[in-house]
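Worksheet for the structure shown next.
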Amino acid sequence: MAKKSLQLFRYLNKISISESFDSLIKQEALSFYFASACVILLPVYVWYVPPFMILWGCSRILEIAKNKKSKLILFSFPTFLFILFIAYFSWQLVSLLYSENIKTGWNVLFSRLSLILFPLVLLIPGEKILNNIKFLLKLFSISTAIFVLFCYFHSLLVSISFINGNIVFNPHPPEGYWMSYFFGNYFSVNQHPSYLAMFVIFSTIYSFETGFDLLKKSKASYFWFGMGVFLPVSLYFLSSRSGILSCLILLPAYFIYRFRNNRKRIFLLLLVFVFVLIPVLSTNERVKIIIDEVTNNKVMKIVHDDGRLNIWKSTIRIIKQNTLLGVGIGDVRDELHKEYVKIGDQDLIDNNYNVHNQFLEVFVESGIVGLSIFVLILLSILFMSFRTGNILFALFLFMMIIFFMFETVLYRLAGVAFFSLFSFLLTYYPQKSD
């Protein structure tokens, strides 16, 4: 009797699990949960994202096969953008054919798989995701804020030690008294400061956007406004020049757009910007050095001493010899290293830096063909954002372009995943009429 009862319990349990799974598939909730995991993990630790990205894709296939109600709209912007992403990735694959360093080429190509995986799952995203785009953006923003808060606590924790029973606060690491646990790479735990700066700027803008949306509806607007103020403070500690520049351009642009019908608010905003934000940022060591050298007419010295100039010169020399097709996705670093040896820059030789400019990186690895496709992707996003009045999409694009000018954003998984994921999520961002 007990044995039969146990068998019945197991049978009913299997039925219950099966029905729950079928319900998740029918509601298109499974892919939504995996999408949520991706946006939460991206700012925290990007290497946890790929498994959930794959699960997202697999669950989406099951949902489409089971429900048979999701249809691909051929003549739509997401489809057109998807074709451009596929074309860009495919041309990078072609460039592997004329690369000498095949192993490096495959590694780089593999790290950029999310350029097609995220667009693929978001080509037919499902109703659950379409109805919760704002929720996913909120999850990303909150996750970014929590991670930034963790960075503050981590820096504080490693700065405190106990000596002879006394608490000693020393923010300087043993390898250099001029460095600080609250600065740059030390502050940004397991994350490149420039990538975290990207996440912070986007989350800041979206926090303010959410705050304004909820201003007359809920007290939760104060939470979002508070987060919008809290997040950009971290840019001071991340000390990413691209991040600070983006903040100085995009935040005023956002508020000017938001208050475009209220000149008094724009004037007050500019006053706050001039008398509060600029003086605070000017105390940052990297900003202080730049301001000091600019005010002392040492602009040419800044340019000459910045290693990026030698990197870009070396890159341009390679491009001139490989204009049409580039050197191939696997040979960029090898060709750059040869140029570094020629000019005798020991710092560049020892560190074997990448191009530090996304446009030049694309040009040198896949030629004018690859660069044309890449620029077409950006122009398409620009056109669509202005056509639909999607200010969030437009600011996201301008932010990416600023970072593209000074960083090879699509060299690391964090940059590739962020760009591909939000390029498609934001195409579905619901627009409200003014």
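These figures come from a predicted structure and were not determined experimentally. Position 1 is the first residue of the sequence; numbering continues from there.
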Has the side chain of [X] got a donor or acceptor atom that lies under 3.5 Å from a matching backbone atom of [Y]?
X: Asn357; Y: Thr408; value: no
X: His356; Y: Arg308; value: no
X: Ser99; Y: Ile329; value: yes
X: Ser385; Y: Leu382; value: yes

Salt bridge flag under 4.0 Å for residues Glu63 and Lys128: no
Pairs where residues 361-385 contributes a residue and the test ring pair (Phe, Tyr, Trp, His ring centres under 6.0 Å) is met, not counting sequence neighbours: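 Residue pairs with at least one partner in residues 361-385: Tyr88-Phe374, Phe359-Phe374, Phe374-Phe404.
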Side-chain donor-acceptor contact under 3.5 Å, Tyr254 with Glu209: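 Judged by distance alone, the side chains do pair up.
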Cation-pi geometry met for Arg260 and Tyr257 (6.0 Å, 45°):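 Because its charged atom sits under 6.0 Å from the ring centre and within 45° of the axis, Arg260 does stack over Tyr257.
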Cut-off 3.5 Å, no hydrogens considered: what does the side-chain donor-acceptor table look like for residues 107-114, sequence neighbours left out?
residue : atom : partner : partner atom : Å
Asn107  : ND2  : Lys103  : O            : 3.4
Ser111  : OG   : Val108  : O            : 2.6
Arg112  : NE   : Leu410  : O            : 3.1
Arg112  : NH1  : Glu365  : OE1          : 3.4
Arg112  : NH1  : Glu365  : OE2          : 2.8

Derivation and outcome, side chain to side chain contact (heavy atoms under 4.5 Å, CB included), residues Leu137 and Leu392: CA-CA 11 Å; Leu137 296 178; Leu392 198 63; 4.0 Å; yes
Under the salt bridge (charged side-chain N to carboxylate O under 4.0 Å, His left out) test, residues paired with Lys313 that sit two or more places apart: none
Residue pair Tyr353, Tyr340: steps toward the ring-ring contact (aromatic ring centres under 6.0 Å, His included) verdict: CA-CA 9 Å; Tyr353 290 111; Tyr340 298 158; 7.5 Å; no
